[in-house]
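In what follows, a structure is listed as structure tokens, so that the remarks can point back to it.
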Amino acid sequence: MDFISKTVSDMARKKKMESTSESEDDEEMHPLLLKVFHFLLNVHSAEAKAIRFRVCQLLSKLLHDLGEGAQIDDELYDRIYKCMGERLRDKSSQVRVHAVLALTRLQDPTDESCAIIKAFILLLARDPSDDVRRAILSCIVPCKATLPSVLTRTRDVKDKVRRTAFVVIADKFPLKAMSIDQRIKLLNDGLNDRSDLVKVACSNKLLQSWLIDCEGNVLDLLARLDVQSSVKTCETALNILFKKSEIGELVQRFDIINDKAMIDEDKLTCENSFYWRNLMQFIYTAGHEYDEQLDKVRPNCVEFCSYVKSYAALLSECKDVDKILDMEFIIQQLLQIIFYMDLSDQVSRKQTEKLVHGLLVSDNVGPALVTPVLKCMQNMYTDIEFINYIAETISEIREPITTIETQINVEAQRNIDKKIAGIRVKLHELRDELSICIERQEFERAAQLKSDISNLDSERSSLLEEAEPKLQEVRTQRNDPVILLKCLTIINEVLSTLTIKRMTPALQGLMESQQILPGMANEDADIRNNAVRAIGLYCLISKDLVMQNLPILLQASQMDTHLVRSTAFKSIFDLVQFYGLEAFSDCSKDANLHINTPNDKSCEERTELQNGVEREGSTVWSESAGKVITILSSTLDNENSELRNIAAEGLAKLLLSGRVVSSKLLSHLLLLWYNPLVEDDEVLIRTLGDFFPLFAFANSANQEVVEEAFVPTLRTVLHAPLTSPLAEIDEMNLANFLIELMDAQNLSDNQLENSLVKENPCHDNIAVKLCNEILSHPDSSDTKLWLKVLNQLSINPENTSLQKNLLALCEHMATEITDKQCCNLLKKFRSTLSVMIDAMKEQMSNSKRTATNRNKEDQVLVGDGGDNNVQDDHQKQPSTEDLAMELADSVGNLSLASLHPSTVKKTKNNLSQAVTKSAHAKRAKSLLKSTSKPTATSDLDDNVFATPVLKGSRLASDKDEVRVQLENLFLDGPKTPLARGKTPKTPKRPLHSIQNPKFTE
């Protein structure tokens, strides 16, 4: 192929060089090259796959070898893309791959209606072959129209396709072509992918390509990623970039810090503070051998505390909301730097405590900074000391000490003025008398008067002090929403981070006095949301609080905003998961649990759930527990997707952990997963898609729950009204999915036992149930589905009694069923059972012959002593009664009571015949493994546990849709083939570049 392509291309290129034509547009294609093209296009639809493959392969090589700047005639262009467009629908994936390669150079990124680009975009999303999708990714032109499709392939089910998508984006699509959200989503998916191939492609290709686009400036790259909204993703990206460089080089390139190892306040940004903190963290975790490099970027603790305090003081002067958010993010990064400070000396520790306490009680510090502030303080106290400190701090925030002036009343002031006036008169009299006594030289009397004057002066001074206003320190309670929200945020952060095992007086005081319970009545939704979360966290500390506060949580989950309801549901699910349903034993005694039941069906489901809980648990708590579970399960039908997802995830966790065992809940989740109305809810689809296989393959008891839900779930789908979205569900796809979940082989494979499992009790029980369903209603429209399911089951090949019972049921069904298609399905099932029974008989006969030959050989070898051995063997053979007990055990859960009444008599006869079999039946069972029918494989593909296939709404009609749309894309081609011979002069069309294609806006 390479030789042919290069030879023909070289001849065409040589003719072009020798051409004397002045205008390139008048140049004609080499006749041999043109004939090769026409020959290939004439045989492109050959019946042989090899011919179609080689045609596409040679066409792609010819177009590639034409070189840069090549042009072909419009007519040839149209014929190539029409013929290769047909090969894009070829049944062979390899042919489709080379058809994609052949059409690569025919793309026109400047044409918004380019049919080839549209076909590539369509196949990129719909083609079932990962090789075809990889080929399209490698060949598709980079432009604005193709970017969304390429980005979507980064979440492909195949890791090789995802890797190719990341490589293509790195090589062809510039950073500026994507929005910030697309960059963050792309980087997050790539760095957190489950495949190492994708992670390496994202870190080595995509991240490095973006860094080159930013000219090696990491801060510029962080600015284009928006670190405030993608902290975790940017942290991961930075660590990858750090690992590719030496620590000394990283420190040397970080030249924006001053002599004190700090960034100037006027130069602080979200990006450089984030980079500073991550660099310090990376060096700190590298080990003590890099302490010298760490000291170059780590400032002195005392100076750093003053630095943070002065920057935080700027919050009070800022009025711009966006600027405040940026400053809060910067303060968060600066506070996290304290984690890597040396707090061994007392001075640094005291300064840090003073800084953190000042930030916590400051009015300028809002709830957003509470978490980093508390993390800084948590390492300085024990748990009990920290709780007591938080209680005092919250009291200081809610009730700060203030100084006020107190004035005396008018009457007291008048009395004081009268007393002062009287004292003033007496003083005048005493001073006059004192002067007279001094003139008369009555010194004793003068001394007495002097003492009285001094006492009156003191009394007057005290009265004057009483008349002056006084300064008094009082505690003033603050109830503004910002303070309440801050206090509740502090309480929630403490309860969620500390391991608290018992209720302390400090915690009790916080709950009663700090507006946790009163906060439920606050008009601010954020305050109510935090109060609900605090109540849920408190209930996790003490089981006694559950019964006191459950009515509050239930009320909040039913009648509040979506935010508060979401938090309330999460709290209730946590309590059920933590304590179990036993914790709700006294609910009905303490409070009435009201349930909104919009229709009779909901009432019926509620009664069934309550009865189900009563059967599974203690009757002490069955009623109240049933009400709680009914409230939670009713949220599955909520219109709000967030509440619906919380309910689905919570109930899935309860089922998976065994806290709740209910086939009705499992059936509800299955119908929700298959419901076409939620097919766009990716979170719900992914959550339940992961849950079902985890639940079913955890243990055999869970498979029994799936078995109980099998018939009711399918019956609900079959009997759904035409106006219901459940009527669009592909019932056979649902049945196959449930069959896979009940397969014991899948259970064994999931537990890594790597052994062939033939006992399949769930499938055996389902077979009996379906036969009884068919016999109960043979003329029902459900019969066809039940018969299809019977042919999909993996019946235990060693359970002869079950096979005969099922065969007896089939004989009876044959007399009841009249539909031709159903009869054919029943005939297929009967033949399968007959083959299994015949195989069992053959094994038994082979075992008899083997045992007889072995006995004869033993007699020849042992001679006279053989009689004793033969006699011993006969003594070891089981009696007829023992065989009857053995066969009864082999039937397992299959009892005559479970069969249809009309077949009980036949089953008894079959069982009696089985008892009369030879004593070698036991040995035959052990030999059946070698010749029995292999375990039936599933008709589902590897993606059986991915998004379910729904009739008319999901993947069921994807292939037909692809074919129709592709045919529409190529309707504008020429009606008749080109004439043979010399091609007339027609307009030329340039071929797409094959080297470094540039992104087209």
Exercise. Taking 4.0 angstrom as the limit, do Asp326 and Lys323 come out as a salt bridge?
Worked result: no

Exercise. How would you list, by chain and number, every residue that makes a ring pair (Phe, Tyr, Trp, His ring centres under 6.0 Å) with Tyr275, sequence neighbours excluded?
Worked result: Phe242, Phe254

Exercise. Within the side chain of Asn239, is there an N or O that forms a donor-acceptor pair under 3.5 Å with the backbone of Thr236?
Worked result: no

Exercise. Would you say Glu112 has more than 12 foreign heavy atoms packed within less than 6.0 Å of its CD?
Worked result: no

Problem set entry | Closest heavy-atom pair and its distance - Pro109, Val141 | CB-CG2, 4.0 Å

Exercise. Is the CZ atom of Arg133 crowded by more than 12 outside heavy atoms at less than 6.0 Å?
Worked result: yes

Problem set entry | Flag if over 12 foreign heavy atoms under 6.0 Å of NZ, Lys199 | yes

Problem set entry | Inter- and intrachain pairs under salt bridge (charged side-chain N to carboxylate O under 4.0 Å, His left out), touching residues 639-648, at least two apart | Arg644-Asp681

Exercise. Taking only residues at least two apart or on different chains, which pairs with a member in residues 283-306 satisfy side-chain hydrogen bond (donor to acceptor under 3.5 Å, both in side chains)?
Worked result: Asp295-Arg298

For this session: Tell me, please, which residues at least two apart from Phe329 pass ring pair (Phe, Tyr, Trp, His ring centres under 6.0 Å).
Result: none

For this session: Taking the side chain as every heavy atom from C-beta outward, state whether Gln208 and Lys244 have any atom pair closer than 4.5 Å.
Result: yes

Problem set entry | Passing option when Phe274 is tested against Val227, Ile330, Leu279 for side chain to side chain contact (heavy atoms under 4.5 Å, CB included) | Val227

Seminar exercise, completed: Note: Met377 and Phe386 closest approach over all heavy atoms is CB-CE1, 3.9 Å

Seminar exercise, completed: The salt bridge (Lys or Arg N to Asp or Glu O under 4.0 Å) partners of Asp220 (sequence neighbours excluded) come to Arg224

Exercise. Relative to the ring of Tyr307, is the ring of Trp276 parallel (under 30°), tilted (30 to 60°) or perpendicular (over 60°)?
Worked result: perpendicular

For this session: Would you please name every residue forming a salt bridge (Lys or Arg N to Asp or Glu O under 4.0 Å) with Glu649, sequence neighbours left out?
Result: Lys653

Report all side-chain donor-acceptor pairs from residues 356-372 shorter than 3.5 Å, counting only partners two or more places apart or in another chain.
{"unit_1": "His357", "atom_1": "ND1", "unit_2": "Tyr389", "atom_2": "OH", "d": "2.6"}
{"unit_1": "Ser362", "atom_1": "OG", "unit_2": "Asn364", "atom_2": "N", "d": "3.2"}
{"unit_1": "Asp363", "atom_1": "OD1", "unit_2": "Arg478", "atom_2": "NH1", "d": "3.1"}
{"unit_1": "Thr371", "atom_1": "OG1", "unit_2": "Glu493", "atom_2": "OE1", "d": "3.2"}

Determine all donor-acceptor pairs shorter than 3.5 Å in which one atom belongs to a side chain in residues 529-536; sequence neighbours excluded.
{"unit_1": "Asn529", "atom_1": "OD1", "unit_2": "Thr567", "atom_2": "OG1", "d": "2.3"}
{"unit_1": "Asn530", "atom_1": "OD1", "unit_2": "Asn492", "atom_2": "ND2", "d": "3.3"}
{"unit_1": "Asn530", "atom_1": "ND2", "unit_2": "Asp526", "atom_2": "O", "d": "2.8"}

Exercise. What residues form a salt bridge (Lys or Arg N to Asp or Glu O under 4.0 Å) with Glu235, not counting sequence neighbours?
Worked result: Arg277

Seminar exercise, completed: The complete set of side-chain hydrogen bond (donor to acceptor under 3.5 Å, both in side chains) pairs with one or both residues in residues 246-260, sequence neighbours excluded, reads Ser245-Arg253, Asn258-Asp264

For this session: Could you check Arg155 against Asp189 for salt bridge (Lys or Arg N to Asp or Glu O under 4.0 Å), going step by step and ending with a plain yes or no?
Result: CA-CA 8 Å; Arg155 296 182 291 277; Asp189 292 343; 3.5 Å; yes

For this session: Measure from the side-chain N and O atoms of Arg528 to the backbone N and O of Asn522, and report whether any donor-acceptor pair falls under 3.5 Å.
Result: yes

For this session: Would you please name every residue forming a side-chain contact (heavy atoms from CB on, under 4.5 Å) with Ser179, sequence neighbours left out?
Result: Asp181, Gln182

Exercise. Side chains of Thr269 and Asn272: do they bring a donor and an acceptor to under 3.5 Å?
Worked result: yes

Seminar exercise, completed: Heavy-atom nearest pair, Pro481 first then Asp524, reads CB-OD2, 3.9 Å

Exercise. Arg153 side chain to Leu124 main-chain N or O, any donor-acceptor pair under 3.5 Å?
Worked result: yes

For this session: Please name all residues satisfying salt bridge (Lys or Arg N to Asp or Glu O under 4.0 Å) with Arg162, sequence neighbours left out, ordered by chain then number.
Result: Asp193

Exercise. Where do Phe173 and Leu147 come nearest, in terms of heavy atoms and distance?
Worked result: CD2-CD1, 3.6 Å

Exercise. Is a salt bridge present between Lys160 and Asp130, judged by a nitrogen-to-oxygen distance below 4.0 Å?
Worked result: no

